[in-house]
Amino acid sequence: MMEKLSFNDTIQLNNGVKMPRHGFGVYKLADENRFRTSLEVAAEAGYRLFDTAMFYHNEAYLGNFLASSGMKREDYFVTTKVWNTDQGYDNTLRAFETSLKKLQLDQLDLYLVHWPKQEPFFDTWRALERLYDQGLIRAIGVSNFEAHHLERLMTEANVLPAVDQVETHPHFSNRLLHRYLEELHIAHQAWSPLGRGPLLTSEPLLQEIGDKYGKTPAQVVLRWHLQNNVAIIPKSETPERIRENASIYDFALTGQEIRAIDRLNRGERVSNAPDVIYVRTEPDFQ
Ligand code: NAD
């Protein structure tokens with residue numbers, strides 16, 4: 001019998017910090033009024049982890065929202081990320097200061113290297129380690145790091161990343177990386193946990209399983225992540241969907257259903273492969 005999951009669950013990171021397992025992603029929420037409305041609905045629905053990035057250009061919106069939300073600081077968890085063109089030791093320190101100001105925080109919960117870059121590679125991580133040692137960040141981690149990037153990082157790192165936030169959904173289940181992360185006690189957090197939408201209508205299996213429980217394909221997919229020990233940060237601007245994506249704690253998939261969804265894997269990404277960004281020298285990102 002599997003342990004009962006709940007929306008308030010946290011996972012303990014490898015440095016002891018507790019991170020909500022189910023958060024809210026804010027990529028592409030570009031208009032401040034719409035941002036605020038979505039965040040109000042999300043907070044009301046119970047979301048307490050908010051995932052932004054310098055690259056999303058909405059850290060200031062999140063800061064404004066949190067400052068006026070009435071939520072106590074210890075009750076929410078904020079993640080942001082250092083962007084590719086800000087990598088390097090001094091640049092990262094500067095970028096962090098800017099992010100912290102925009103977020104109106106004294107201390108960040110989780111800071112991630114957004115993408116691995118071949119050069120500079122270690123300098124960026126050293127800056128994160130310094131900020132962590134100074135107590136300005138509660139946990140440091142990476143995003144879009146595959147096993148070989150982590151292997152390289154570990155040749156010089158003093159602090160092991162606490163989290164690897166990577167693309168993960170039924171068409172790109174990333175199970176091999178998951179097992180590797182589990183061995184290292186690095187938490188696996190899925191970005192684009194819904195595959196950005198299309199797979200929800202193109203895979204009849206998800207609808208079939210959903211019908212059995214009175215749930216939507218999106219709810220089935222999010223529940224599949226949780227039962228596979230993967231943390232999630234789904235994004236939506238639509239109030240009903242924000243609430244729908246939170247309402248996944250009143251049913252459980254069987255082992256057979258989980259394996260059937262596992263078999264939908266096609267190794268098909270919705271965005272760039274990390275190694276494309278890793279070796280790219282021009283500053284722009286597509
Ligand atoms: P997602 O898989 O969360 O999909 C979001 C889209 O799916 C929505 O825009 C909407 O079109 C659709 N959707 C959402 N809920 C739905 C529902 N209930 N029913 C039907 N359709 C629904 O994709 P995402 O926004 O790319 O990823 C989530 C978060 O992950 C982002 O907001 C961001 O915080 C983070 N992220 C990180 C990286 C990275 O490089 N670290 C990259 C991409 C995203």
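All residue numbers refer to positions in the sequence shown, counting from 1. Each ligand, and each atom within it, is numbered from 1 in the order the structure gives.
Ligand 1 has an N or O atom lying under 3.5 Å from an N or O atom of Leu194, backbone or side chain. For the pair Tyr56 and ligand 1, the shortest N or O to N or O distance falls below 3.5 Å.
Considering only non-hydrogen protein atoms, atom 15 (N) of ligand 1 sits nearest to Asn245 ND2, 3.0 Å. Taking atom 42 (C) of ligand 1 as the reference point, the nearest protein heavy-atom neighbour is Trp191 CD2, 3.2 Å. Atom 1 (P) of ligand 1 has Ser192 CA, 3.7 Å as its closest protein atom, hydrogens excluded (heavy atom only). Protein heavy atom at the shortest distance from atom 25 (O) of ligand 1 is Lys235 CB, 3.3 Å. Among all non-hydrogen protein atoms, the one lying nearest atom 4 (O) of ligand 1 is Arg196 CA, 3.3 Å. Remark: minimum distance from atom 28 (C) of ligand 1 to any protein heavy atom is reached at Ile233 O, 3.1 Å. Of the protein's non-hydrogen atoms, Tyr27 CB, 3.4 Å is the one closest to atom 31 (C) of ligand 1. Scanning the protein heavy atoms around atom 19 (N) of ligand 1, the nearest turns out to be Arg241 NE, 3.6 Å.
The Ala218 neighbourhood of ligand 1 comprises atoms 17 (C), 18 (N), 19 (N), with distances under 4.0 Å to a heavy atom of that residue. Using a 4.0 Å cut-off to heavy atoms of Gly195, the atoms of ligand 1 that qualify are 2 (O). Numbered from 1 in the order shown, with element, the atoms of ligand 1 that lie under 4.0 Å from a heavy atom of Ser143 read 39 (C), 40 (O), 41 (N). Less than 4.0 angstrom separates some heavy atom of Asp51 from each of these atoms of ligand 1: 33 (C), 34 (O), 35 (C). Which parts of ligand 1 touch Pro234 is read off a 4.0 Å heavy-atom cut-off, strictly below it: atoms 3 (O). In the vicinity of His114, heavy-atom distances shorter than 4.0 Å reach the ligand 1 atoms 39 (C), 40 (O), 41 (N). Atoms of ligand 1 found under 4.0 Å from any heavy atom of Leu200, numbered from 1 in the order shown, are 20 (C), 21 (N).
The proximity of Asn144 to ligand 1, defined as any non-hydrogen pair under 4.0 Å, is limited to the side chain. Contacts of Val270 with ligand 1, taken as heavy-atom pairs under 4.0 Å, are absent altogether. Contacts with ligand 1 closer than 4.0 Å are made by no heavy atom of Ser271, backbone or side chain. Contact annotation for Thr216 and ligand 1: no heavy atom of the residue comes within less than 4.0 Å of the ligand. Within the 4.0 Å heavy-atom criterion, the part of Glu244 lying near ligand 1 is the side chain and not the backbone.
Applying the side-chain hydrogen bond (donor to acceptor under 3.5 Å, both in side chains) criterion to Gln118, with sequence neighbours excluded, gives no partner residue. Partners of Arg130 according to the side-chain hydrogen bond (donor to acceptor under 3.5 Å, both in side chains) rule, which considers only residues two or more places apart in sequence or in another chain, are Tyr89.
In summary, the side chains of Tyr56 and Lys81 do present a donor paired with an acceptor at a separation below 3.5 Å, with no hydrogens or angles considered. No hydrogens or angles considered: a donor-acceptor pair under 3.5 Å links the side chains of Arg36 and Ser68. Side-chain N/O atoms of Tyr27 and Asp51 include no donor and acceptor closer than 3.5 Å.
Linking Ile, Leu, Val, Met, Phe, Trp and Tyr whenever their side-chain heavy atoms come within less than 4.5 Å puts Phe122 and Val279 in one cluster. Leu112 and Val230 are assigned to two separate hydrophobic clusters, defined by single-linkage of ILVMFWY side chains at heavy-atom distances under 4.5 Å.
In this structure, Phe96 has its ring center closer than 6.0 angstrom to the ring center of Tyr111.
A salt bridge does not link Glu237 with Lys28: none of the charged nitrogens is closer than 4.0 Å to a carboxylate oxygen. One finds a salt bridge joining Arg73 and Asp109 here, because a Lys/Arg side-chain nitrogen approaches an Asp/Glu carboxylate oxygen to under 4.0 Å.
Here the side chain of Gln227 pairs no donor or acceptor atom with the backbone of Ile258 at under 3.5 angstrom.
Inter-residue side-chain proximity for His188 and Thr168 is flagged as met; some heavy-atom pair is nearer than 4.5 Å.
Residues Gly141 and Pro161 come closest through the heavy atom pair CA-CB, 4.0 Å.
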